[in-house]
2 protein chains.
Amino acid sequence: MPGDFVDLHSFLVKVMDHAVMAVTPCTIGMVPHEALREITETHPHLTRLLAVNIVVDAAIHRQWLVSMGRRSALEHTAHLLCELLLRLRAVGLTTDDSFQLPLTQAELGDTLGLSTVHVNRVIQELRKEELITWHGDTVVIKDWPRLQGIAEFDPTFLSLKAEPR
Amino acid sequence: MPGDFVDLHSFLVKVMDHAVMAVTPCTIGMVPHEALREITETHPHLTRLLAVNIVVDAAIHRQWLVSMGRRSALEHTAHLLCELLLRLRAVGLTTDDSFQLPLTQAELGDTLGLSTVHVNRVIQELRKEELITWHGDTVVIKDWPRLQGIAEFDPTFLSLKAEPR
DNA sequence: CGATGGATTGAGGTAGGTCAAATGGCGTGG
DNA sequence: CCACGCCATTTGACCTACCTCAATCCATCG
């Protein structure tokens, strides 16, 4: 997600159990561990904000856990679309209720843990129900309340409002 | 898990999106947010260790995500058993390859996202394959290498070795 | 001894998977 | 401007892991 601080983990745990990759070409900024260490030594408030970042990531992970474990493919997909809309909106990358989703259905399947075939049927269902539109890279959320309802999407977990200092 | 620092999240994000509960009676210690704030102001190293705690939790969440999304019920269950053995061993609560698991099959199903019936069949399979024993609350891992193999369990994510300062 | 809660078993149902083929859009070379 | 090839999307048929429902079994305990 543009603007995200990716993989703060590696600063804290030196043996990684995972990798990170970009789905599209993108520009990245590198922050040396030394700089982070410096921040943790001298800027407690900034340090706490970095920790908030990690905590929110974990909250997102937990939502995904719910999606994988208890939501149907349709609900799971709807949930992801809701999450994407709000997170992209938070960084100014939406126009109204639409955003760019530079993924193939196969790639979407990879992220959702679904087969390409089933992703396709889910998307068709979402379209048939007039919940979304998806042409090329552009997704339009046509019926946010109902999509949110299907996904049982509660945006609390994203902590998009600023936290009190 | 005895000894764990539970829910550091609430210190950093004031609106919780989840609850925390104990599965068994247990003794808990409360750490006032004020004390945590004090630590973050004055003890950078300790602060980083608290952050490591959060990061490891997130790593565990990610493994669960893999389990829910890509592992079969058998593999998922095996993975949980592997995780429990190592985490309990880390706090001295195992004897050899056995530990106490004070859960009913229904509760285990709740945690794994499986029905009671299917949990039962999975457990029977694990027993038939001589991988584990489970009488009352006592689980014995009878064939760790094979269990680990089935689960594709790689303990790296638990970060059980001390991190360099 | 009956009641209770957990474990087990059986039968049938369903969401989503796999395999395989068809369709369609689009960029490239001729 | 066309034909071709490459992908992504779509469709159909069949399969399977896991679910639900409903008994039944079994141990424990008052």
Side-chain angles (χ1 to χ4, degrees), chain A residues 23-25 64-81 84 99-140 142 147 149-152, chain B residues 23-25 64-81 84 98-140 142 147 150-152:
Chain A
V23 171
T24 59
W64 277 72
L65 221 34
V66 174
S67 281
M68 310 242 55
R70 303 274 66 179
R71 288 195 246 265
S72 68
L74 184 79
E75 292 160 358
H76 188 169
T77 308
H79 200 275
L80 174 58
L81 291 171
L84 287 175
F99 57 88
Q100 299 306 111
L101 184 63
L103 291 181
T104 64
Q105 293 185 2
E107 288 167 328
L108 185 57
D110 280 349
T111 96
L112 293 167
L114 296 171
S115 69
T116 308
V117 172
H118 203 62
V119 166
N120 183 266
R121 300 199 224 261
V122 164
I123 299 297
Q124 286 179 54
E125 176 73 13
L126 290 170
R127 286 206 260 249
K128 184 160 69 71
E129 291 291 325
E130 314 247 297
L131 292 161
I132 70 161
T133 261
W134 183 6
H135 295 131
D137 286 356
T138 307
V139 170
V140 180
K142 290 177 69 179
L147 192 69
I150 287 170
E152 297 192 55
Chain B
V23 170
T24 59
W64 276 72
L65 221 33
V66 175
S67 282
M68 309 242 57
R70 301 274 65 178
R71 288 194 246 266
S72 68
L74 183 78
E75 293 159 358
H76 187 128
T77 307
H79 201 275
L80 174 58
L81 292 171
L84 287 175
S98 89
F99 57 87
Q100 298 307 109
L101 184 63
L103 291 180
T104 64
Q105 293 186 359
E107 288 167 328
L108 184 57
D110 280 348
T111 95
L112 292 167
L114 296 172
S115 68
T116 309
V117 172
H118 203 63
V119 166
N120 181 268
R121 301 199 224 260
V122 164
I123 299 296
Q124 284 179 56
E125 177 72 13
L126 289 170
R127 287 206 261 251
K128 184 159 70 71
E129 291 291 323
E130 315 247 297
L131 292 161
I132 70 160
T133 261
W134 183 5
H135 295 130
D137 286 356
T138 306
V139 169
V140 180
K142 288 177 70 180
L147 192 69
I150 286 170
E152 296 192 56

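Throughout, protein chains are lettered first and strands after them, A, B, ... in sequence-line order, and every chain is numbered starting at 1.
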**Request:** Could you identify which residues of residues 65-76 of chain B place a heavy atom less than 4.0 Å from some atom of DNA chain C, listed by residue number, or say none?
**Result:**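 DNA chain C contact set from residues 65-76 of chain B: none.
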**Prompt:** Which residues in residues 111-120 of chain A have at least one heavy atom lying under 4.0 Å from any atom of DNA chain C?
**Reply:** A:G113, A:L114, A:S115, A:V117, A:H118
**Asked** In residues 124-136 of chain A, what residues come within less than 4.0 Å of DNA chain D, judged by heavy atoms?
**Response** A:Q124, A:R127
Sequence neighbours excluded, which residues qualify as side chain to side chain donor-acceptor pair (under 3.5 Å) partners of [X]?
| X | value |
| --- | --- |
| B:S115 | none |
| A:T77 | none |
| B:Q124 | B:N120 |

**Asked** Which pairs, with at least one residue in residues 101-126 of chain B and sequence neighbours excluded, count as a salt bridge (charged side-chain N to carboxylate O under 4.0 Å, His left out)?
**Response**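 Listed once each, the pairs are B:E125-B:K128.
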**Nucleotide D:dA8, atom P - distance to CG of A:D137 in whole Å** =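 The distance from CG of A:D137 to P of D:dA8 comes to 12 Å, rounded to the nearest Å.
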**Asked** Atom CZ of B:R121 to atom C1' of D:dC18: distance rounded to whole Å?
**Response**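 About 9 Å, once rounded to whole Å.
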**Request:** Go through the structure and list residues passing side chain to side chain contact (heavy atoms under 4.5 Å, CB included) with A:V23, not counting sequence neighbours.
**Result:** A:L103
**Request:** Name all residues meeting the side chain to side chain contact (heavy atoms under 4.5 Å, CB included) criterion together with A:Q100; count only those two or more places apart in sequence or in a different chain, and write none if there are none.
**Result:**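 Checked A:Q100 against side chain to side chain contact (heavy atoms under 4.5 Å, CB included); matches are A:D137, A:T138.
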Polar atom pairs (N or O), protein with nucleotides 27-30 of chain D, under 3.5 Å:
none

**Request:** Sequence neighbours left out, what passes ring-ring contact (aromatic ring centres under 6.0 Å, His included) with A:H76? Give chain and number order.
**Result:**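 Only A:W64 meet the ring-ring contact (aromatic ring centres under 6.0 Å, His included) criterion with A:H76.
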**Asked** Does A:R71 reach the main-chain N or O of A:V66 with its side chain, forming a donor-acceptor pair under 3.5 Å?
**Response**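 It does not hold such a pair.
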